[in-house]
Protein chains: 2
Amino acid sequence: MEHLGFTQHDHHSCINSALNTAEEFCAREKLQFTPVRRRVLEILLERHQAMGAYDILEMLREEGLGSQPPVAYRALDFLVQHGFVHKIERLNAFAACMHPGEQHMPAFLICRKCDQVVEAHMEAVKNMLGKAVRDVGFEIEQAVVEIMGLCPNCKAQA
Amino acid sequence: MEHLGFTQHDHHSCINSALNTAEEFCAREKLQFTPVRRRVLEILLERHQAMGAYDILEMLREEGLGSQPPVAYRALDFLVQHGFVHKIERLNAFAACMHPGEQHMPAFLICRKCDQVVEAHMEAVKNMLGKAVRDVGFEIEQAVVEIMGLCPNCKAQA
DNA sequence: GCTTGATAGGTTATACTATAACCTATAGCA
DNA sequence: TGCTATAGGTTATAGTATAACCTATCAAGC
């Protein structure tokens, strides 16, 4: 597992880097990285937390970028579809991808106390899932791995 | 991976066996295996498919066992809490557990075409997840592994 | 047997999550 | 310039889940 994130890091540069990656990707693929889409990604990057669509919508509304649910959902759909954002099914929420551009199967560690979400690369698990499932003829198109529990920080406090 | 289920099996006996297991477990643990709870589990066992809470509620309603959402949700909560039913987050739906009574971390194979859900034991994955995550101090309480794709049958048809 | 406390279920209302459908605006291209 | 495809605005509504409060039932102890 790489890139665990329950620790401090240069958040400002991590946001910019992710935004740049998205921008370049869209330019290359002739996709429109519109203000709403950019802002939604930015909002999610500003926190390392999963946010509900309606929380995001509330921020968009305050900023005059849109006020009705479809605005937020459409931007989120776009971002999810192109791998900049993941949906956390367990929380009905969304979180910015920490490894945009890289082919990966994300696994999420979700702290039930502080709600922080960390995205881990788990190549070994991916390989194992892929192998086991291919053996029985099931063809994987997408996988969701979500692990609930207590993060180190919250565990220390308890 | 054991117990894959995209094949035929003795469905009638598998239903009875699961109901008996639940009944015995509840007796042992002094839990009430009430008519509504039993019937909800039975409904889920009758199909090897995930069902939405409102689909289940509709059946309960037809049978005079309850007509409002909380009835279904309460029964489902009970069944999930004690491991007789799993929630499939990805589908906002519920499926009977295929290994009740056994300590396990389920992984679901969900066919996007026929909606069939198969629950697999994947001890190797569980061990690997557990190890990787423990290394960084995260304490696993629960995990969701859901794999979307095409089952062998649907793949053959395509 | 009666009381009491705990648990389950009935019912109403409402919160939260997501999408359909239709219309307007804009950007890129012929 | 005009066409077409894509994005966003807006209204309405579908789908999922729970809060809150009340009643019924059951088991345990008096």
Side-chain angles (χ1 to χ4, degrees), chain A residues 22-23 25-41 43-44 49-82 84-95 115 144 146, chain B residues 22-23 25-41 43-44 49-82 84-95 115 144 146:
Chain A
E23 188 146 25
F25 177 89
C26 288
R28 212 162 44 238
E29 302 287 324
K30 303 203 186 306
L31 301 168
Q32 300 183 41
F33 196 47
T34 64
V36 175
R37 290 170 178 177
R38 165 183 277 273
R39 185 62 188 130
V40 169
L41 178 55
I43 287 170
L44 286 171
Q49 256 183 305
M51 294 181 71
Y54 280 75
D55 297 328
I56 293 167
L57 179 60
E58 178 57 30
M59 298 192 64
L60 294 179
R61 182 177 287 141
E62 286 169 6
E63 300 172 14
L65 273 171
S67 62
Q68 299 303 323
V71 174
Y73 279 104
R74 287 199 282 237
L76 287 166
D77 283 349
F78 173 88
L79 294 168
V80 167
Q81 192 168 349
H82 296 100
F84 304 123
V85 165
H86 297 294
K87 177 164 191 194
I88 314 291
E89 298 288 345
R90 177 59 195 247
L91 304 177
N92 292 320
F94 301 83
D115 259 5
V144 171
E146 298 175 358
Chain B
E23 187 146 26
F25 177 90
C26 288
R28 212 162 45 239
E29 301 287 323
K30 302 204 186 306
L31 301 168
Q32 299 184 41
F33 197 46
T34 64
V36 175
R37 290 169 177 178
R38 165 184 277 272
R39 185 60 189 132
V40 169
L41 178 55
I43 287 170
L44 285 171
Q49 256 183 306
M51 294 181 72
Y54 281 74
D55 296 328
I56 293 167
L57 178 59
E58 178 57 30
M59 298 193 64
L60 294 179
R61 183 177 288 140
E62 285 168 7
E63 299 171 14
L65 273 170
S67 61
Q68 300 303 323
V71 173
Y73 279 103
R74 281 179 195 138
L76 286 167
D77 284 349
F78 173 89
L79 294 168
V80 167
Q81 192 168 349
H82 295 100
F84 303 124
V85 164
H86 297 294
K87 177 164 191 194
I88 314 292
E89 299 288 346
R90 177 60 194 249
L91 304 177
N92 293 320
F94 301 83
D115 260 6
V144 171
E146 297 176 359

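Here is how names work: the chains are called A, B, and so on, in the same order as the sequence lines, proteins then strands, and each is numbered from 1.
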- Item | Check: B:R39 side chain, B:L60 main-chain N or O, donor-acceptor pair, under 3.5 Å |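 Side chain of B:R39 to backbone of B:L60: no pair is present.
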- Query: Do any N or O atoms from the side chain of A:E146 and from the backbone of A:I88 form a donor-acceptor pair under 3.5 angstrom?
  - Reply: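 Side chain of A:E146 to backbone of A:I88, a donor-acceptor pair under 3.5 Å: no, none is there.
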- Under the ring pair (Phe, Tyr, Trp, His ring centres under 6.0 Å) test, residues paired with B:H86 that sit two or more places apart: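 So B:H86 forms a ring pair (Phe, Tyr, Trp, His ring centres under 6.0 Å) with B:H104, B:F108.
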Provide, to the nearest angstrom, the distance between the [atom1] atom belonging to [X] and the [atom2] atom belonging to [N].
| X | N | atom1 | atom2 | answer |
| --- | --- | --- | --- | --- |
| B:L57 | D:dG15 | CG | C1' | 13 Å |
| A:R90 | D:dA17 | CZ | P | 12 Å |
| A:Q68 | D:dA7 | CD | C1' | 16 Å |
| B:L76 | D:dA17 | CG | P | 9 Å |
| B:R74 | D:dA17 | CZ | C1' | 12 Å |
| B:F33 | D:dC26 | CZ | P | 17 Å |
| B:L91 | D:dG15 | CG | C1' | 14 Å |
| B:I88 | D:dT16 | CD1 | C1' | 16 Å |

- B:M59 side chain near B:M51 side chain, heavy-atom distance below 4.5 Å: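 Yes; the side chains approach each other to less than 4.5 Å.
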- Any side-chain heavy-atom pair of B:F33 and B:L41 under 4.5 Å: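 Yes, side chains in contact.
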Pick base, sugar-phosphate or nothing for [X], based on heavy-atom distances below 4.0 Å to the nucleic acid.
| X | answer |
| --- | --- |
| B:K87 | sugar-phosphate |
| A:Q32 | sugar-phosphate |
| A:R37 | sugar-phosphate |

- Which sits closer to the 5' end of DNA chain C, A:D77 or B:L31, going by the nucleotide each is nearest to?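 Residue closer to the 5' terminus by nearest nucleotide: B:L31.
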- More 5' along DNA chain C: A:E89 or B:T34, using each one's nearest nucleotide?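 Between the two, 5'-proximity favours B:T34.
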- Task: Please collect all salt bridge (Lys or Arg N to Asp or Glu O under 4.0 Å) contacts where either partner lies in residues 49-60 of chain A, sequence neighbours excluded, each pair once.
- Result: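 Every salt bridge (Lys or Arg N to Asp or Glu O under 4.0 Å) pair that includes a residue of residues 49-60 of chain A, provided the two are not neighbours, is A:E58-A:R61.
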- Query: Are B:Y73 and D:dA17 close enough that a side-chain N or O sits under 4.0 Å from OP1 or OP2?
  - Reply: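 Checking D:dA17 against B:Y73, a side-chain N or O does come within under 4.0 Å of OP1 or OP2.
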- Which two nucleotides bound the region of DNA chain C that has atoms under 4.0 Å from heavy atoms of chain B, read 5' to 3'?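 Under 4.0 Å from chain B, the extent on DNA chain C is C:dT7 to C:dT12.
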- Report the residue (A:P69 or A:F78) whose heavy-atom-nearest nucleotide on DNA chain D is the more 5′ of the two.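 It is A:F78, whose closest nucleotide lies nearer the 5' terminus.
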- Distance-minimising heavy-atom pair for B:G66 and B:V71: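 Between these two residues, the closest heavy atoms are CA-CG1, 4.1 Å.
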